[in-house]
There are 2 protein chains.
Amino acid sequence: MKYSNQSRVLVAVDSIIIGFDGFDYKILLIQRGFAPEKEKWSLMGGFVQNNESVDEAANRILKQLTGLEDVYLEQLHVFSEPDRDPIERVIAIAYVALIDIQKYQQQINDDFHARWFLLKELPKLIFDHEEMVRAALERLRYKAAFHPILFELLPEKFTLPQLQAMYEGLFDTKIDKRNFSRKVLSTNLLKKEKDKDKSSSKKGAFFYSLDEQNYKENFQSILNFIPKNEIQLLNE
Amino acid sequence: MKYSNQSRVLVAVDSIIIGFDGFDYKILLIQRGFAPEKEKWSLMGGFVQNNESVDEAANRILKQLTGLEDVYLEQLHVFSEPDRDPIERVIAIAYVALIDIQKYQQQINDDFHARWFLLKELPKLIFDHEEMVRAALERLRYKAAFHPILFELLPEKFTLPQLQAMYEGLFDTKIDKRNFSRKVLSTNLLKKEKDKDKSSSKKGAFFYSLDEQNYKENFQSILNFIPKNEIQLLNE
DNA sequence: TCAAAAGTGTTACAGTTACACCCATGT
DNA sequence: ACATGGGTGTAACTGTAACACTTTTGA
């Protein structure tokens, strides 16, 4: 039994895969392997199959491209202009993925002709993918302002200057390092390691790692009309 | 020309329509007019047509039910478990609508057997609609903490005690009225009217109205690692 | 006149910002 | 020895929370 007189449509998933290499934000793009727009740069995408939810499809497709599982992956928005794909109507569900470039670089599958592009130097993208990238960055800025998601972009061990550069890059601003480190450390989210990263200075900067206990629990938001201690868990 | 070897699927829109009557939050439900689950309570929904985006579909369907246009309507999340609808696979894109019950009550179309239910006394809903309602409330709490969206639920003119009750209801808390009014008024978002609402006290409470100039611009968020004056417009 | 809700001010505290110098090390 | 980036403390300020009494008026 089926619903009658309704038209069915292709549903695709497209992922904006964001990375940070310690200095710059990058996005992973592929050269599309089939018409239309064959060979043009594109977000990683694919069609949702019969037996999977769209979340599952996004994870499956991400794994095909990068070999990665258990990556931060969040539904962004549905893009559905009837003529966004010239071949036939495709409703696209965009996802944002945050991954640690360094750790996983070797796993990127070359079969897909995937390449990291500097965020500031993206090539032209097919269809409405540039709009998707814009929306993804807006969302990332928004969430990063209140949630510790940017840690997803960092390796196991990272330094405070790296962390600060990541926030400065995303918000395109300079932050006072004294205030920054005080705020970050006051969350008790970080554990100081014994060793230092000497790759970018002579003195070296201490490594820190995430305190997994507190992460995703300890971090909360501030708000406006409601007294602060009334906000418990505003998960989003 | 078409993409080959891909299966097409029905795409629907379901809207969680939230209202506030001055005392309680309510949700607008309909009795589903067709099988399966005919006569059961359901969110307002419908299938996306060939020539419209999903945003357009959501607006169209909302207008069919309520007669309302230009209502606050926001994409919430895609619900896509393959078996969420027993008849055939349907991918549902959930929307949240915020409407002023009082102003539009007369426009609600009775043909649809629509009824407002107290949020605290919802009936059983079909499919995964209860999950959608839960997600909608979470989103509403989240956004309301940082954005002035709850004003969408109020009539043109409203009182501070009403506004406060709305925030208290959503967050299930009590707020000090002195602090609340100081904070709210300090945003310069409200204009004090000359007349009072005497419906709930002898003294009467002054009406206020939104200063449309400032609304949607003046209201900003606070954040954590980034100095406050670095946050310009974190639209979401 | 009294009950019920509206309206208003002050003080203590906490969090945020602005700001400048010393430290460690490789060359 | 010096250049480079890493690390730290304090004081002024701003925003938030806690708190209680007076006002208005219909019944």
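All figures in this text were calculated on a predicted structure; none of them were measured in a lab.
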Can you tell me how far P of dG5(D) sits from CD of Glu168(A), to the nearest Å? 14 Å
Please determine whether side chain to side chain donor-acceptor pair (under 3.5 Å) holds for the pair Ser199(B) and Asp197(B), giving the CA-CA distance in whole Å, both sets of side-chain angles, and the decisive distance to 0.1 Å. CA-CA 6 Å; Ser199(B) 70; Asp197(B) 168 31; 2.8 Å; yes
Which whole-number value in Å describes the distance from Lys183(A) NZ to dA14(C) P? 18 Å
According to side-chain contact (heavy atoms from CB on, under 4.5 Å), who are the partners of Lys120(B), at least two apart in sequence or on a separate chain? Asp24(B)
Gln75(A): what forms a side chain to side chain donor-acceptor pair (under 3.5 Å) with it, not counting sequence neighbours? Tyr95(A), His77(B)
Can you name the side-chain contact (heavy atoms from CB on, under 4.5 Å) partners of Gln164(B), sequence neighbours left out? Glu168(B), Ile175(B), Lys177(B), Phe180(B)
Partner set under side-chain contact (heavy atoms from CB on, under 4.5 Å) for Glu193(A), not counting sequence neighbours: Lys157(A), Asp195(A), Phe207(A), Ser209(A)
Arg134(B): side-chain contact (heavy atoms from CB on, under 4.5 Å) partners, not counting sequence neighbours: Glu130(B), Glu131(B)
Base, backbone or nothing for each nucleotide of nucleotides 19-27 of chain C, written B, S, -, heavy atoms under 4.0 angstrom, 5' to 3'? BB--BBBB-
Whole-Å gap separating P (dG7(C)) and CZ (Phe180(B)): 12 Å
Measure CG/Leu185(B) against P/dA6(C) and give the value in whole Å, please. 14 Å
Have a look at Ser200(B) and say if it touches a base, only the backbone sugar-phosphate, or nothing, with a 4.0 Å heavy-atom cut-off. sugar-phosphate
